[in-house]
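Proteins come first, then strands; the chains are lettered A, B, ... in the order of their sequence lines, and each starts at number 1. Keep in mind the model is a prediction, meaning the values are calculated, not measured.
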Amino acid sequence: MDLKRTVKFEADRDPEFARWISHTVGGERIRHCLQCGLCSASCPLSLHMDYTPRRLMHLSREGFKEEVLSSAAIWLCTACYACMVECPKKINITHLMYALKERAIQEKFYPKRFPIPVMAQQFSRMVRESGRITESWLIVRVFLRSAIWRLLGMSGLGWKLFLTGRMPARKEKIKRKSEIRTLLASVAATRKELAL
Amino acid sequence: MRNRQLIHAPEPHEAFEPRIVAFFCNWCTYLAADLAGTSRMKYAPNVRVIRLMCSGRVDPQFVLDAFAQGADGVLIGGCHPGDCHYQEGNYKALRRYHLLQRVLRQMGIEDDRFRLEWISAAEGDHVRSVINDMVEKVRALGPLQLNGMTEDALEEVAV
Amino acid sequence: MTAKPKVAFYWCSSCGGCEETVVDLAEAILDITEAVEIAFWPVALDYKRDHVDAMPDRSIAATFLNGAIRTEEQKEMARLLRQKSELLVAFGSCSHLGGIPGLANLFDRESVMRTVYLDSPSTANKAGVFPQTHYGDNGRTLSLPAFHNTVRTLDQVVEVDYYVPGCPPTPRILRTAIQTLLGGDRPAVGAVLAPDCALCEECPRKDTKPETLSIPEFKRPQDLLIDEQSCLLTQGLVCMGPATRAGCEASCIQGNMPCTGCGGPTSRVQEQGAKILSCLASLVESKEDAEIDQVLNTIPDPVGTFYRYALAASFLRRKTLPRVQVST
Amino acid sequence: MPDTRRPTNGSDTDGIRIGVYVCHCGTNIAGTVDVKAISEYAATLPGVVVARTYKYMCSDPGQALIQQDIRDLRLNRIVVASCSPLLHEPTFRRALDRVGLNPFLLQMVNIREHVSWVHLDKPAATAKTNDLVRGAVRRVARHKPLQKRRVPINPSVLVVGGGIAGIHAALTLADAGKHVYLVEREPTIGGHMAKFDKTFPTLDCAACILTPKMTAVGSHPLITLWTYSEVLKVSGYVGNYRVQVRRKPRYIIEDLCLGCQECITACVYKEGKTRDEFNLGLSKRKPVYLPFPQAVPQKVVIDPETCIEFKSGKCKKTCIEACGERKAIDFKQKESLEEIEVGTIILATGFTTFNAARNAYYGYGRYPNVYTSLEVERLINASGPTSGELVLRDGTRPKAVGIIHCVGSRDANTNRWCSKVCCMYSLKLAHLIKERTGADIFNFYIDMRTPGKGYEEFYDRLLDEGVHFVRGRVAEVTEWAAHPSEKGKLIIRAEDTLAAFVRRIPVDMVVLSVGLEPQPDAQAVRRLFNISCSNEGWFLERHPKLAPVSTFTEGVYIAGACQGPKDIPDTVAQAGAAAAEALALVDAQFVELEPYTAFISEEECSGCKSCIPLCPYQAISFVEEKKKATINEVLCKGCGTCVAGCPSGSIQQNFFEDEEIFDEIEGVLAYA
Amino acid sequence: MKYAYYPGCSLRGTGRAYEESLLAVFRALDVAIQELNDWNCCGATTYLSIDELTSYALAARNLALAARDRLDIIAPCAACYLVLNKTQRYIHDYPDIKLVVTRALDAIGLKYDDRVRVRHPLDIFLNEIGVKAIASRVTRSLKGLKVAPYYGCQIVRPYATFDDQRNPTSMDRLLEACGAEIIPYSLKTRCCGGSQKGTLPEVGLYLINYLVEEAQMNGADVIATVCPLCQFNLECFQKEASSEQNPLSTPVLYFTQLMALALGASSATIGLRRSLVKIEPVLEAKEIAYA
């Protein structure tokens with residue numbers, strides 16, 4: 001068996017990360033967390049999680065960045081908000097999961113060809129291009145960029161959907177595409193200006 | 001006559017710090033302020049609290065005198081409607097407040113400089129938020145200049 | 001026989017009603033002239049300022065100065081008479097509290113001038129000429145006294161020994177005032193020479209006021225047919241009597257009109273307006289902001305109502321004009 | 001403007017000799033405020049003869065310091081800048097009194113609660129303190145010697161609420177020879193404790209220790225017990241309260257009913273049909289009933305809602321036959337109003353339990369075998385609906401039971417507070433259920449809180465008994481089976497936070513350990529007695545540590561869970577404390593009232609009557625012959641509303657005279 | 001009262017039947033709508049994980065477009081509904097976000113207005129039209145049809161404005177008004193896995209399995225959904241998710257398809273043909289006409 005060090009040194013912590021999580025949108029109350037695990041227990045995805053949401057909350061506020069950002073759990077969150085509505089301390093867990101994903105993507109903390117970030121990136125790209133999503137194309141793009149076999153596995157279904165008119169080949173787009181570009185440019189500018 | 005020393009407008013170079021006089025009733029708001037203290041809540045140091053038994057004791061003369069003596073704002077704190085330790089005092093305060101507010105308006109004093117707040121003994125946090133909020137609002141209004149006072153000192157020339 | 005004590009009368013910013021009071025002393029004035037010599041009384045006798053200049057300091061026993069101070073000239077004369085007089089008496093509401101002219105403190109000099117010399121309907125001033133303090137004409141310059149931005153009470157300009165309240169003071173008040181001053185033991189300096197008690201004390205309708213009273217809406221005299229017997233407050237009229245110094249024998253109420261407060265406050269009150277405000281507001285029945293506002297809307301001009309005579313003497317003295325730069 | 005009044009002491013300090021004393025309060029004040037600078041500044045103020053600082057002014061040496069100066073320096077005014085006057089004003093007033101200086105020549109400046117504890121910026125805090133001290137110095141120069149008013153105290157006491165707190169307080173007072181009125185809303189006293197089976201941690205049975213006290217109350221010559229009654233009105237003041245009590249009709253003449261219960265047997269209803277309040281609906285009762293066997297008083301009640309006679313007037317009235325000669329039943333009985341006078345009041349109105357249905361995801365009310373802890377108390381109670389048998393709705397015994405802690409506690413969605421007793425009673429129930437059924441027990445807790453004598457030991461005992469403890473807040477109770485083994489069970493889903501994974505645990509019965517809440521009518525009650533509530537709705541004590549059973553209304557005390565969640569030992573202790581406070585007050589025979597009353601100077605009053613409607617206590621009256629108003633000092637509570645309202649300034653208030661306040665205003669504002 | 005109809009991307013793809021049936025219901029109940037002029041993708045939940053701020057700006061564009069026409073929005077897609085609501089909430093709560101958004105909109109000549117209300121068809125039908133009115137217009141009662149009402153997450157959580165977060169009943173009441181029988185379905189708000197099926201199949205399948213299985217076991221003839229993604233997952237993958245011991249085959253329709261049916265729309269116009277698991281046999285068995 002390969003043993004790895006499980007004792008944590010202070011050096012393993014990233015205080016900046018801890019500070020960031022409690023100052024990011026939704027993190028206001030993370031320090032109140034009781035560690036009661038209600039989030040984990042109410043999470044329909046937790047049964048697959050390497051770290052339960054509860055542990056992520058604690059690891060984050062303590063600044064164990066590595067563990068948090070490389071965990072599969074943050075990618076499993078489907079934003080069903082079950083945890084958030086029941087949290088006894090009203091911590092905005094779902095939103096923190098988004099924040100963690102965003103951070104993980106920024107810092108490239110995920111396995112190569114891991115479909116979820118790919119999906120997210122392709123999604124945003126398509127929005128930038130045409131202002132709307134055309135599911136058929138999105139799926140194709142995602143699968144081309146992640147695990148190709150899935151596309152094959154899906155093909156049967158894809159065909160059925162095509163036949164029932166649920167996979168139109170026509171690309172959806174908005175009329176004033178330029179507005180989207182201007183919009184995004186402005187957001188980028190303001191973010192830069194205010195260092196958000 | 002009452003010794004009305006002239007109001008020294010603060011020197012331009014020193015930043016304006018509002019001076020606010022607060023009349024707190026002994027049973028609710030004063031206690032709330034104590035609670036804010038025991039709970040170590042932090043708020044702006046611009047308020048000077050004067051303890052009265054009831055907001056009903058606040059004589060409009062006190063408010064006007066406070067302004068005349070250089071207060072930039074006046075705050076009255078009493079028990080919530082229906083909770084007055086003396087049954088009705090806070091309602092008297094409420095009515096006087098409304099009429100006095102109208103007089104102050106006519107005299108050119110902005111509404112934000114004169115506030116009446118209901119704060120129960122349990123609402124330490126409310127004391128903090130009210131004081132911080134009022135200090136900011138008054139800070140934004142700037143110092144209260146009572147020309148009536150300052151002009152005494154100055155020889156005037158005609159139009 | 002020893003020289004009779006000298007008495008002076010002077011008229012600053014006021015309507016002149018106070019001078020009328022002196023005249024209204026009627027034959028009583030003879031007793032007074034028996035006792036004193038009138039050394040200076042521009043409205044009645046031809047005296048000039050140089051006469052006063054010529055007088056030695058404190059040679060006038062008592063000067064009765066009526067009217068508020070709102071010009072340089074008035075300020076100068078006030079100072080001069082102060083210097084020449086043993087006692088300076090603020091005579092009538094205007095010099096006592098600012099009086100009606102004091103209401104000009106709700107405006108500034110510019111707007112007053114504008115109203116008088118441009119906007120008032122009876123004015124024809126196309127050229128838009130305003131009074132100047134100095135006017136030069138081939139070498140010679142004429143000068144006018146400066147007009148102040150703020151109307152002030154006499155005691156805001158010079159030390160005052162006694163006050164005679166009223167707009168105007170009744171002859172009776174004046175007579176008793178003069179007698180007290182001539183008499184041996186004078187009251188403490190600063191005293192107001194009238195009973196130190198509110199008007200209700202001597203109001204003929206006192207007994208008709210019920211012990212509990214709540215006011216659903218305030219009325220103004222033109223709004224109703226005023227009952228001649230019952231307390232005016234109970235009729236919803238704003239009667240300043242409860243907050244106003246007695247001495248006038250409730251003459252307005254005798255004339256079926258509410259007291260407007262010319263007597264000023266009692267010695268225990270700093271600000272008459274604030275007190276009547278406090279008293280009347282308490283009589284509003286409601287406990288809801290909206291309802292309270294509704295009732296208070298029936299007092300369209302609170303300052304003009306509660307501070308009709310005492311605005312210049314009030315804590316705030318005048319309307320604060322945001323960021324006014326007083327020219328120096 | 002004319003001013004014949006004494007000029008402010010800025011210009012005249014003749015005879016005024018002020019001493020200013022600034023307290024460090026350890027570092028509490030000195031940490032944030034430059035006390036030395038303050039005293040140096042104070043020394044420069046007009047009238048100030050001496051200014052000192054000291055580590056703890058309230059300590060004996062601190063007070064001695066002041067007293068020494070009063071003697072040596074002939075001080076006649078004292079300013080103490082320390083903590084809130086509500087804490088130590090009495091202390092320092094006594095200090096002045098002991099050296100013969102009138103206690104009201106003192107003015108306190110609150111520089112701890114209002115300055116050092118709420119500000120961080122030292123210069124700003126110091127500047128603020130300077131202003132406040134200046135205000136106090138100006139003000140104190142105006143102070144006049146005052147005397148407290150002494151009024152006699154009515155020795156009888158009113159106790160509201162007949163739970164263990166009220167019972168204990170009433171007995172303590174009555175045994176001390178005081179006459180007690182005990183008013184209880186329900187038809188019997190006993191409160192929540194009467195519903196319990198055993199009590200933690202000693203497991204002695206609640207009934208065994210409670211019923212003797214209940215009967216003692218019922219039979220005590222000095223206790224007037226009014227059950228099925230409510231307080232309607234309270235007026236008056238400390239030592240002399242007038243209270244109006246409404247006694248609801250129980251349609252039984254109490255003096256005639258012997259509690260033989262034959263009427264109940266005879267009732268035309270053969271079986272109970274109505275929800276039994278005492279058993280929380282786990283059993284049924286008849287229209288005529290005795291709440292529970294040991295009820296005190298042992299008098300039955302008739303419930304007009306369900307009694308046929310009241311509904312139709314056509315009942316055979318077998319109950320009356322059964323009662324026969326005693327003629328105790330009276331269908332015509334009306335409610336009655338009692339007027340009593342008491343000197344002090346003890347509120348012991350208790351708590352209510354959290355409504356478990358509010359947490360829908362625990363399935364209370366949806367799944368029949370989800371119970372509240374209180375219901376289980378009844379189930380395992382020998383005198384309960386199942387006579388002690390712990391069975392499911394279908395009568396079978398549970399093989400596995402889940403006990404969920406913190407239901408309606410520590411939850412921002414319902415109640416934020418910890419209810420304090422749940423951990424311990426859950427352990428107790430776990431033990432009792434295991435004992436009765438041998439079932440597997442799972443406790444789901446967030447934190448196990450067992451502070452208290454013998455409590456932790458009890459926890460150990462449960463661990464030995466093999467009860468399971470899962471640290472995690474339960475997310476849901478569901479019937480949905482994710483695994484064959486879960487079919488037909490209630491599945492509890494929680495993260496086992498110590499194991500760090502989610503577990504699904506199937507059980508037959510779920511017990512929701514519901515938290516404690518203020519009574520739904522707590523707000524109404526506090527208004528009635530003129531006391532305050534915390535934000536949560538618990539009655540507010542005068543001081544959390546130093547005056548835990550007093551309120552801000554003199555002569556009104558609080559005991560038990562109406563002040564906050566409490567277990568039986570704490571409740572009884574507090575009830576004793578409240579009784580002792582009441583006794584101390586009553587035995588003094590006189591009460592001293594603050595002299596802050598208003599007074600009218602006759603020659604100044606114009607008789608305008610403006611003040612008369614302003615007084616909520618009818619203390620002001622109009623003297624016709626003089627045509628002046630006058631104030632009855634005993635009735636005046638010193639709010640000062642009339643003072644502010646007097647249009648001719650002819651009313652003044654002791655210790656809060658216009659001049660004193662004007663000077664304080666000018667003081668705090670004058671530029672240094 | 002007229003509304004701005006915001007279909008969202010899915011209703012133009014996998015969710016076409018939703019749009020078709022929804023429009024049919026609007027017609028039947030005469031709800032006046034106009035498609036939101038040049039609407040763009042709401043950013044969905046996916047975008048949030050790439051770039052939060054931008055996603056708010058994207059959503060806000062739609063809000064601003066509606067504000068310009070002074071209309072409230074109807075958003076049938078659960079994701080759109082949530083994102084638009086959430087955007088309003090966050091713009092209100094966080095000044096920074098507000099600043100970013102207002103500037104961005106300003107750049108394209110639009111103004112943000114918090115008075116626009118974002119509503120879901122359930123809300124409109126229930127609170128603007130009402131079950132009584134709907135029942136009165138039912139021409140084909142769905143009598144005897146056992147429906148498992150599946151709400152999924154994002155309609156009720158976290159901003160359930162018109163229904164109970166834990167036990168929503170709005171769809172139940174609407175379908176009951178159409179004569180259908182609502183069966184107990186304890187998983188009505190349990191997540192369907194969203195896009196997980198695509199990205200982490202094993203996870204998605206597990207969720208889909210127990211959701212459909214539970215409904216089937218409780219005797220559902222059909223599962224009614226309010227969200228295109230839920231519908232897609234439960235219907236299209238139930239075959240893949242079933243095991244030989246209990247094969248899954250339960251039709252999954254949009255609640256609007258059932259309503260439209262009851263309100264007399266012809267099956268052609270409400271996209272029944274787009275279903276992979278056919279409802280027709282069930283309807284025939286229950287003798288409910290659908291032609």
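- E:Val100 places none of its side-chain heavy atoms less than 4.5 Å from the side chain of A:Arg191.
- Heavy atoms closer than 4.5 Å to chain E are found in the side chain of A:Leu194, but not in its backbone.
- Contact check for A:Pro44 versus E:Tyr210: side-chain heavy atoms found under the 4.5 Å cut-off.
- Between A:Glu135 and E:Cys9 the shortest side-chain heavy-atom distance does not fall below 4.5 Å.
- Nearest heavy-atom pair, A:Pro168 versus E:Gly13, reported as atom, atom and distance to 0.1 Å: CD-CA, 4.1 Å.
- Of the listed residues (A:Arg103, A:Gln106, A:His48, A:Met97), the greatest number of heavy-atom pairs within a distance under 4.5 Å of chain E belongs to A:His48.
- Atom CZ of A:Arg31 has 12 or fewer heavy atoms from other residues, nucleotides or ligands within 6.0 Å.
- Proximity to chain A is limited to the side chain of E:Arg190, based on heavy atoms less than 4.5 angstrom apart.
- Shown here for A:Asn92 and E:Tyr90, the closest heavy-atom pair between the two residues is ND2-OH, 2.6 Å.
- Of the atoms belonging to A:Gln122, not a single heavy atom falls under 4.5 Å from chain E.
- Between A:Ile180 and E:Leu58 the shortest side-chain heavy-atom distance falls below 4.5 Å.
- Looking at A:Gln121, both its backbone and its side chain come within 4.5 Å of chain E, counting heavy atoms on both sides.
- Within 6.0 Å of the NZ atom in A:Lys90, the count of heavy atoms belonging to other residues, nucleotides or ligands exceeds 12.
- The most heavy-atom pairs under 4.5 Å with chain E, out of A:Leu45, A:Leu163, A:Ile74, A:Leu47, come from A:Leu47.
- Counted within 6.0 Å of NZ on E:Lys111, heavy atoms from surrounding residues, nucleotides or ligands total 12 or fewer; the atom is thus considered open.
- Rounding to the nearest 0.5 Å gives a distance of 11.5 Å between CG of A:Leu184 and CG of E:Leu53.
- One finds the OG1 atom of A:Thr78 at 7.5 Å from the CG atom of E:Leu207 (value rounded to the nearest 0.5 Å).
- Only the backbone of A:Cys77 has a heavy atom closer than 4.5 Å to any heavy atom of chain E.
- Contact of the A:Arg166 side chain with the E:Cys236 side chain is registered, since non-hydrogen atoms from C-beta on lie closer than 4.5 Å.
- Ranked by heavy-atom pairs shorter than 4.5 Å toward chain E, the options A:Arg170, A:Glu193, A:Arg176, A:Glu172 are led by A:Arg176.
- Ranked by heavy-atom pairs under 4.5 Å with chain A, the first of E:Cys191, E:Pro158, E:Ser275, E:Cys153 is E:Pro158.
- Heavy atoms closer than 4.5 Å to chain A are found in the side chain of E:Arg61, but not in its backbone.
- Applying a 4.5 Å heavy-atom cutoff, the residues of residues 14-24 of chain E that approach chain A are E:Thr14, E:Arg16.
- Side-chain atoms of E:Asn40 never come within 3.5 Å of backbone atoms of A:Gly131 as a donor-acceptor pair (strictly under, hydrogens ignored).
- Only the side chain of A:Ile105 comes within contact range of chain E, with at least one heavy atom under 4.5 Å from a heavy atom of that chain.
- Looking at heavy atoms from C-beta onward, A:Leu161 lies in side-chain contact with E:Phe232 at the 4.5 angstrom threshold.
- Ranked by non-hydrogen atom pairs under 4.5 Å with chain E, the options A:Lys101, A:Met84, A:Arg132 are led by A:Arg132.
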- request: Would you please test E:Arg166 and A:Val85 for side-chain contact (heavy atoms from CB on, under 4.5 Å) and show each step?
  value: CA-CA 9 Å; E:Arg166 302 182 180 97; A:Val85 297; 5.7 Å; no
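- Of all the heavy atoms in A:Thr190 and E:Arg103, the pair that sits closest is CG2-NH1, 3.5 Å.
- The choice from A:Ala79, A:Gly165, A:Ala104 that makes the most heavy-atom pairs within less than 4.5 Å of chain E is A:Gly165.
- In this structure, the side chains of E:Thr54 and A:Leu183 stay at 4.5 Å or more apart for every pair of heavy atoms.
- For the pair E:Gln196 (side chain) and A:Trp75 (backbone), a donor-acceptor distance under 3.5 Å is present.
- Ranked by heavy-atom pairs shorter than 4.5 Å toward chain A, the options E:Asp38, E:Thr189, E:Ile108 are led by E:Asp38.
- Of the possible polar contacts, one joining the E:Arg157 side chain to the A:Cys80 backbone as a donor-acceptor pair under 3.5 Å is found.
- Within the 4.5 angstrom heavy-atom criterion, no atom of A:Arg125 approaches chain E.
- With a 4.5 angstrom heavy-atom cutoff, A:Ser136 does not touch chain E via any of its atoms.
- Residue A:Tyr81 comes nearest to E:Gln154 through the heavy atom pair CE1-NE2, 4.3 Å, listed as atom of the first residue, atom of the second, then distance.
- Contact count versus chain A (heavy atoms, under 4.5 Å) is highest, among E:Asp106, E:Val101, E:Leu82, for E:Leu82.
- For CD of A:Glu66, the number of neighbouring non-hydrogen atoms (other residues, nucleotides, ligands) closer than 6.0 Å is 12 at most.
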- request: Before giving the answer on side-chain contact (heavy atoms from CB on, under 4.5 Å), spell out for A:Leu157 and E:Leu276 the whole-Å C-alpha distance, their side-chain angles and the decisive distance to 0.1 Å.
  value: CA-CA 9 Å; A:Leu157 175 61; E:Leu276 303 189; 3.7 Å; yes
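- The shortest distance between side-chain heavy atoms of E:Lys86 and A:Thr94 does not fall below 4.5 Å.
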